[in-house]
Q: 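To start, I am sharing the structure in question, which I have written as structure tokens.
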Amino acid sequence: MALSGMRGLSVFISDIRNCQNKEQERLRVDKELGNVRTRFKNEKGLTPYEKKKYVWKMLYIYMLGYDVDFGHMEAVSLISAPKYPEKQVGYIVTSCLLNENHDFLRLAINTVRNDIIGRNETFQCLALTMVGNIGGREFAESLAPDVQKLLISSSCRPLVRKKAALCLLRLYRKNPDVVNVDGWSDRMAQLLDERDLGVLTSSMSLLVALVSNNHDAYWSCLPKCVKILERLARNQDVPQEYTYYGIPTPWLQVKTMRALQYFPTIEDPNTRRSLFEVLQRILMGTDVVKNVNKNNASHAVLFEALALVMHLDAEKEMMSQCVALLGKFIAVREPNIRYLGLENMTRMLMVSDVQDIIKRHQAQIITSLKDPDISIRRRALDLLYGMCDVSNAKDIVEELLQYLSSADFAMREELSLKAAILAEKFAPDLSWYVDVILQLIDKAGDFVSDDIWFRVVQFVTNNEDLQPYAAAKAREYLDKPAIHETMVKVSAYLLGEYSHLLARRPGCSPKEIFGIIHEKLPTVSTSTVPILLSTYAKILMHTQPSDPELQNQIWAIFSKYESCIDVEIQQRAVEYFALSRKGAALMDILAEMPKFPERQSSLLKKAEDAEVDTAEQSAIKLRAQQQTSNALVVTDQRPANGTPHVGQLGLVMVPSSANADHNLEDQGLAQENGTLSKVDPQSPSPSADLLGDLLGPLAIEGPPGAAAPTEQHAIPASEGDPNPADALALAPVDEQTNSVQPIGNIAERFNALCLKDSGVLYEDPNIQIGIKAEWRAHHGRLVLFLGNKNTSSLASVQALILPPSHLKMELSLVPETIPPRAQVQCPLEVMNLRPSRDVAVLDFSYKFGTSSVNVKLRLPAVLNKFLHPIAVTAEEFFPQWRSLSGPPLKLQEVVRGVRPMLLLEMANLFNSLRLMVCPGLVSSYFFSHGPLSST
């Protein structure tokens, strides 16, 4: 771009630079713009040289930030100039001034096309460069065929072809339909045989875009990519100009390995062996050197190779080598390399069988928490969070607590939240969990959200053995002269509920407990006062026999706050004052808090919302879902006496993801051979973990081959007879023809879900749809778990509920795209308005590559889900039965063709249908709607 000889342009630029202030610059620009407008109006008198000069001036003024809309047409018109100097200016200025949606670009499409299909290579390069920068959908539709011809043409020079490849990449991104998959798969493979590394690098960029959308069409390119890597790794036939600090074309190596990551696997053993040899060479040949530029290039190749090794799930030996290499990098002095080492070690957490190897570097990772660079400290925190499990939870959490005191304020909230999640998820016992959370509040109370101490209260309330310990620890913290207000809240709540369990301990009498809590009252805000008032009322209630002095002190406080301006405080004071005068009735009114019902934890959701969804944090989320093998969870647990208490909490071991399928079957109806060994009509259905999202995804049933015998046995039927599920529900579901076939029998899956509340509704090679449901009276809540089984995203995801007239259903928003290897949850609320045999249908569709799948699935919101079995005696049943008006009082239906069933097995089937079997009413068993013959 030679501007020598344009004296007017040089003078103008010099004037602008000599301006003393912004006002002088604006006056000089306005003067020049006026002159340019005047000359453009008299366009006939302009020579090509002058027009080019004024367009350059316009570009300079635009770069200074001024509006030059009036000159857009002049810049576009230069594109059609016959000579190179004017055409060059037209293309350059148009690329800078206009965007892809500008109307003036339509005027230039024909001129650009003529330059592309012409024989002047210089004009071709100018046109391809502009289209590659600002080309939109209209350019894609008009020019894509011509650009493709240039790319595959053997008569074009490499300079033109590599620009054509990048231009086609831009057009493909704007409109993927311009590249015909059927015709381009073979051509793309031919392009990878190109010897010119410039054309090859540009073509590889195009291939990355193509395989990211549809890898199935480009399998023929996979061995070619491996051969390219072999050629570069051996430094064969690589010109000097493509060697960067001794590394043969590192950009091409990175792009090639990125393209290979879009293929799910490599089947050919020879190709796989060749690729692993190349990767081994890269891993062994990369080291830290003093030259920064060489470090950057070699480590770009290395970390892309690590990503490919993880994607291909290489042998454990190579994985160990990768972790060892990363362990060396996180210990070097160069901060950029340390950062990349920590980031890629976090990604390695997604690979099985390497977690134990990563743990060997735990000390160095903890040391990185004290690094001067905050970005490195954040990556170290993410890595510790992802690698934590039961075996090292205590060490990691204790280190986080120690680091909390000296951590930057910008990190303390994230640090506190992750420490709380790890303590809750991997606590060896709940007393340790209580200790950790109280230490957390004590050290970083300003950064501990209410959600964290709410969780402590839930755990303590639902575990009686933990209550004295938690109350004693709260009493210890109140002895400190200065504590955070959050600590006052949690301590006051715990002592209000459970201080009576400490009454015999020294310093824990009701009067002493009241005194130490009341000392904190002047230091707290109005939001905490209501909690303290509730605590005073609880202490007064637990003081037996009553202490007149303590009673008068508390009454005086209530009386003081009866006129408080805060409505919440005033109402509590008035009500507690009145209730405390009711004597013995106070025990019933202010009884101990009941067990909390199961609920989802919001801590993990909060942690994910606080993070940017980058690759390393996605790995952390995946790790958090997978690693729940030995976590302590709170869930509904059946007491020894066989009477279930709603919401009672206990400690259970959550099954690992590898054994989730097996454990789910053990929890459901089907046991050995699909029958229950004991009829227990009060056995509760499996409930969701109280920690919900925090403790991992729903454990849905395993492959259909393993589950089919159970399902078939649970609902017996002979061939040719109506399906038993159809007797429960009728749903018009059209036959679907899809290129992707389901795994397992959809009807059998529906039948099984009619008898249980969790399992797989549908599965194919791309997606698994699981269901977990809760039913209460005429209300139901289902959660659809949509799991992407592929390494590519599922697009155009749509879910439409087709409810019958008797059901009112509301489905939450379903994301249009499901990321690779991800699972999304979509709650579905159901309300039954009246009895009916009709069933709701889920119309579900998605797109994977070029395959579109649409299925219509019956949802197991059937009539029996809304039944509530009750046990009745003969004395209770017959009067109600006789009071029914109108025949028939008895209804009998004979079902033929069903195989013989044991009475115990038949009773189990009715229990799973939520029908109560009541023995002893007559000579035969009796259930909700009539006698069941014992023959």
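Worth saying up front: this structure is predicted, and the values here are computed from it rather than measured.
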Q: So which heavy atom on Pro742 is nearest to which on Asp764, and how close?
A: CA-CB, 4.1 Å
Q: Work out which heavy atom in Pro860 is nearest to a heavy atom in Leu761; give both atom names and the distance.
A: CD-CD1, 4.4 Å
Q: Any donor-acceptor pair under 3.5 Å linking the side-chain atoms of Tyr218 with those of Asp186?
A: no
Q: What's the spacing between Asn745 CG and Phe750 CZ if we round to 0.5 Å?
A: 12.5 Å
Q: Counting only N and O atoms by type, is there a donor-acceptor contact under 3.5 Å from the side chain of Asn832 to the main-chain atoms of Arg834?
A: yes
Q: Side chains of Asn766 and Asn788: is there a donor and an acceptor less than 3.5 Å apart?
A: no
Q: Evaluate the side-chain contact (heavy atoms from CB on, under 4.5 Å) criterion for residues Phe844 and Gln798: first the C-alpha distance (whole Å), next the side-chain angles of each, then the deciding distance (0.1 Å), finally the verdict.
A: CA-CA 6 Å; Phe844 184 81; Gln798 292 184 349; over 6 Å; no
Q: Provide the closest heavy-atom pair for Ala795 versus Thr817 in the form atom of the first, atom of the second, distance.
A: CA-OG1, 4.4 Å
Q: Taking atom CG of Leu857 and atom CG of Asp843, what is their separation to the nearest 0.5 Å?
A: 8.5 Å
Q: So, taking the atom named CZ in Arg858 and the one named CG in Leu753, what distance separates them when rounded to the nearest 0.5 Å?
A: 11.0 Å
Q: I need the minimum non-hydrogen distance between Tyr846 and Ile767, along with the two atoms involved.
A: CE2-CG2, 3.7 Å
Q: What pair of heavy atoms forms the shortest contact from Glu763 to Lys789, and how long is it?
A: OE2-NZ, 2.9 Å
Q: So which heavy atom on Pro803 is nearest to which on Ala840, and how close?
A: CA-CB, 4.1 Å
Q: Quick one: which of Leu312, Leu222, Val211 gives a side-chain contact (heavy atoms from CB on, under 4.5 Å) with Leu260?
A: Leu222
Q: What is the distance from atom OG of Ser836 to atom CG of Leu807, rounded to the nearest 0.5 Å?
A: 7.5 Å
Q: Residues two or more places apart in sequence or in another chain: which of them pass ring pair (Phe, Tyr, Trp, His ring centres under 6.0 Å) with Phe866?
A: Trp775
Q: Enter the distance from Ser212:OG to Gln261:CD here, rounded to the nearest 0.5 Å.
A: 12.5 Å
Q: Could you pull out all residues at least two apart from Phe263 that satisfy ring pair (Phe, Tyr, Trp, His ring centres under 6.0 Å)?
A: Trp219
Q: How far apart are the C-alpha atoms of Leu210 and Val179, what are their side-chain angles, what is the distance that settles it, and do they pass the side-chain contact (heavy atoms from CB on, under 4.5 Å) test?
A: CA-CA 9 Å; Leu210 294 174; Val179 175; 4.0 Å; yes
Q: Rounded to the nearest 0.5 Å, what's the gap from CG on Leu786 to CG on Leu794? Could you check?
A: 9.5 Å
Q: State whether the number of non-hydrogen atoms from other residues, nucleotides or ligands found under 6.0 Å of Glu829 atom CD is greater than 12.
A: yes
